[in-house]
Amino acid sequence: MLSQNGIPTAEDLQQVMPSEERLNKGPVAIAECFQCIPCNPCSTACPVHAITVQPDINQTPVIDWDRCIGCRQCVAACPGLAIFVVDMAYRPDMATVTIPFEFLPVPEKGMKAQGLSRAGAPLGWFEVVEARQARGNNLTWLVTLAVPKDLAMEVRNIKAGGYRNE
Amino acid sequence: MIRDIDLMIVGGGPAGLMAALAAAEAAPEGAKILLCERDEALGGQLVKQTHKFFGSEKQHAGERGIFIGRGLSDAVHAEAKIEVMTDATVLGLYEDGIVTVLNDDKHLKFRPRKLIVATGASEKFLAFPGNDLPGIYGAGAVQTLMNVSGVKPAERVVMVGAGNIGLIVSYQLLQAGVDVACVVEAAPKIGGYLVHASKLARSGVPIRTGWTVKEAFGDQELEGVVLIRLDENFQPIEGTEETVYCDTLCLAVGLSPLAELLYQADCAMTYVRELSGAVPVVDEDLMTSVSGIYVCGDVSGIEEASSAMVEGRLAGFAAAKALGWNADLAQAEIEKAREELNELRSGPTGARIRAGIAKVQERREGSC
Ligand SMILES: Cc1cc2nc3c(=O)[nH]c(=O)nc-3n(C[C@H](O)[C@H](O)[C@H](O)COP(=O)(O)OP(=O)(O)OC[C@H]3O[C@@H](n4cnc5c(N)ncnc54)[C@H](O)[C@@H]3O)c2cc1C
Ligand code: SF4
Ligand code: SF4
């Protein structure tokens with residue numbers, strides 16, 4: 001259970017998932033942020049005002065997925081590293097997952113990196129389709145992996161180091 | 001020689017820095033504001049917080065603690081009305097209002113008209129057999145080694161405490177290339193923010209709630225620990241012992257307010273569990289029972305940098321108001337700060353703090 005081991009359950013996740021219809025349209029943000037804590041940088045970062053933390057900053061974020069354009073600004077801003085962008089329209093059989101990453105070395109575009117589950121279990125080797133650092137003093141990297149569609153809601157971390165050059 | 005000054009601030013963490021900036025904003029030309037910090041640099045806890053902070057934009061949320069600290073320190077250094085003294089430990093507060101400071105091996109004396117104490121907190125320790133072995137540290141010490149001195153502090157760590165400090169320092173240990181065997185927490189639930197816990201979980205670090213350290217062992221230095229499961233009443237369950245090998249055990253079992261100076265000044269103190277220890281009894285301007293002595297930040301109850309900064313502003317403007325500096329501005333800013341504090345503390349994670357502050361308030365009213 002989330003409050004005992006830090007791993008969200010299927011029920012937790014269900015509450016924060018966009019509809020299948022929206023997922024199939026293209027990149028969209030998912031905030032895996034389940035606890036009322038005093039925090040709102042995700043909402044101030046969003047250029048199209050798709051995220052609200054209302055009526056006060058202690059609420060959990062609510063994303064308007066019809067507004068979200070999948071730009072990933074909130075992924076970089078979130079201090080909890082709790083937001084991911086998933087693009088189910090990447091390829092017929094492949095999706096991408098953008099993960100906030102704060103370890104060295106950072107994998108480069110074209111390399112393969114090991115994807116990990118929410119429990120840290122390895123799920124396979126996936127191609128890095130983009131790796132860029134957020135601007136200024138933020139320093140968080142946004143690494144996007146191409147994964148089979150059935151793993152798009154499973155891969156949530158990258159094992160640091162040991163990347164494959166292929 | 002005794003130097004007369006208008007305002008002295010003790011402690012250059014987020015609370016003290018904001019207090020100094022607030023007071024300077026209200027102060028007339030020629031005002032004498034002195035900030036004393038015992039460390040070599042300003043910033044307090046922020047100098048080692050490499051993670052992004054929570055809160056709202058007003059309290060720099062989303063920014064990394066180190067950069068928040070640097071921004072505040074730069075602003076204080078740039079403010080002509082504030083004199084900064086680092087490597088300056090405030091030793092004593094005397095009945096006649098004299099404050100003594102040890103700086104550069106010299107013992108200096110000041111007579112400030114108002115005083116703001118923002119000394120922060122110290123780490124708690126835990127009692128168990130073997131806790132004096134080399135290799136057992138407070139989480140703060142490990143964080144300083146790693147993030148201030150750039151030393152890899154261990155190869156394999158067991159962290160005790162799943163509050164925010166335990167969770168954050170574990171994550172930073174992973175970033176430094178240290179293996180974190182597990183995080184052990186006696187309570188049945190994670191105390192820190194769950195987003196911090198999830199970061200560790202997806203890096204493969206098990207968080208073991210309902211467990212504690214039974215003993216630590218090692219010949220010359222730490223070689224491992226024995227963990228044991230706890231029942232609902234926090235009693236160890238015989239036969240559940242498990243050995244985990246590690247070269248470092250890190251304790252993140254809480255902070256308590258660093259209030260020695262307040263005791264010396266004979267400020268009324270009261271023990272409030274929700275605020276993590278004995279805290280000064282304060283009024284709505286954060287003034288203690290001793291007229292002219294104010295407090296802000298962790299010394300008045302363990303909370304967060306975000307609230308420490310806002311409390312700093314409140315105390316800074318309150319002291320300015322009491323000094324007769326720009327009273328209208330000061331009063332308006334005091335009210336803004338109170339509102340911001342209410343907002344920060346309004347949610348469920350602020351419930352504990354609200355309960356603690358209510359107790360302090362009750363005890364103040366009971367005493368007058
Ligand atoms: C690992 C960790 C992670 C944290 N993460 C967050 C977070 O994400 N968000 C958040 O909001 N907060 C966070 N905090 C909490 C935050 O750092 C503290 O609440 C905050 O620093 C308190 O500010 P302060 O100014 O009261 O005390 P401090 O920052 O402790 O500063 C007190 C200063 O006073 C000085 N001092 C003490 N005694 C004397 C003396 N006698 N003479 C002169 N100087 C003295 C000390 O050297 C110190 O510099 C974290 C804390 C830790 C340890
Ligand atoms: S991905 Fe961009 S548009 Fe979508 S919620 Fe995040 S910041 Fe807003
Ligand atoms: S910034 Fe991240 S942790 Fe903060 S409320 Fe938004 S999603 Fe949650």
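Numbers restart at 1 for each chain; the letters A, B, ... are given by sequence-line order, proteins then strands. Basis for what follows: all heavy atoms, side chains included, without hydrogens, waters or symmetry-related copies.
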Whatever's closer than 4.5 Å to a heavy atom in chain B on Gln35(A) counts as side chain
Options Gly204(B), Gly55(B), Gly350(B), ranked by heavy-atom pairs under 4.5 Å with chain A, top entry: Gly55(B)
Below 4.5 Å from any heavy atom of chain B, which atoms of Ala121(A) appear? Answer side chain, backbone, both or neither. neither
Side chain, backbone, both or neither: which part of Glu63(B) has a heavy atom under 4.5 Å from chain A? neither
Under 4.5 Å from a heavy atom of chain B, the part of Leu116(A) involved: side chain
Answer whether the closest heavy-atom distance between the side chains of Leu344(B) and Ile57(A) falls below 4.5 Å. yes
Expected contact set for residues 88-97 of chain A against chain B at heavy-atom separation under 4.5 Å reads none
Under a 4.5 Å heavy-atom cutoff, which of Ala197(B), Pro206(B), Ser346(B), Pro348(B) has the most pairs with chain A? Ser346(B)
Quick one: which of Val195(B), Ile66(B), Ile207(B), Leu194(B) has the most heavy-atom pairs under 4.5 Å with chain A, could you say? Leu194(B)
Check whether any side-chain heavy atom of Val155(A) lies under 4.5 Å from a side-chain heavy atom of Arg202(B), and answer yes or no. no
Chain A contacts, top residue of Arg208(B), His51(B), Arg345(B), Lys199(B) (heavy-atom pairs, under 4.5 Å): Lys199(B)
Contact origin within Cys78(A) toward chain B - heavy atom pairs under 4.5 Å: backbone
Side chain, backbone, both or neither of Thr140(A) within contact of chain B (heavy atoms, under 4.5 Å): both
Proximal component of Ser3(A), with respect to chain B [non-hydrogen, under 4.5 Å]: both
Heavy atoms of other groups near Lys149(A) NZ, more than 12 under 6.0 Å: yes
Within-4.5 Å side-chain heavy-atom neighbours: Ser198(B) and Ile7(A): no
Atom group of Glu32(A) that falls short of 4.5 Å from chain B, counting heavy atoms: backbone
Are there residues of residues 158-191 of chain B that reach to under 4.5 Å of chain A by heavy atoms, and which ones? Tyr171(B), Leu174(B), Gln175(B), Pro188(B), Lys189(B), Ile190(B)
Heavy-atom contact with chain B under 4.5 Å, split by part of Leu104(A): neither
So, for Thr349(B) and Cys36(A), which heavy atoms are closest and what is the spacing to 0.1 Å? CG2-O, 3.6 Å
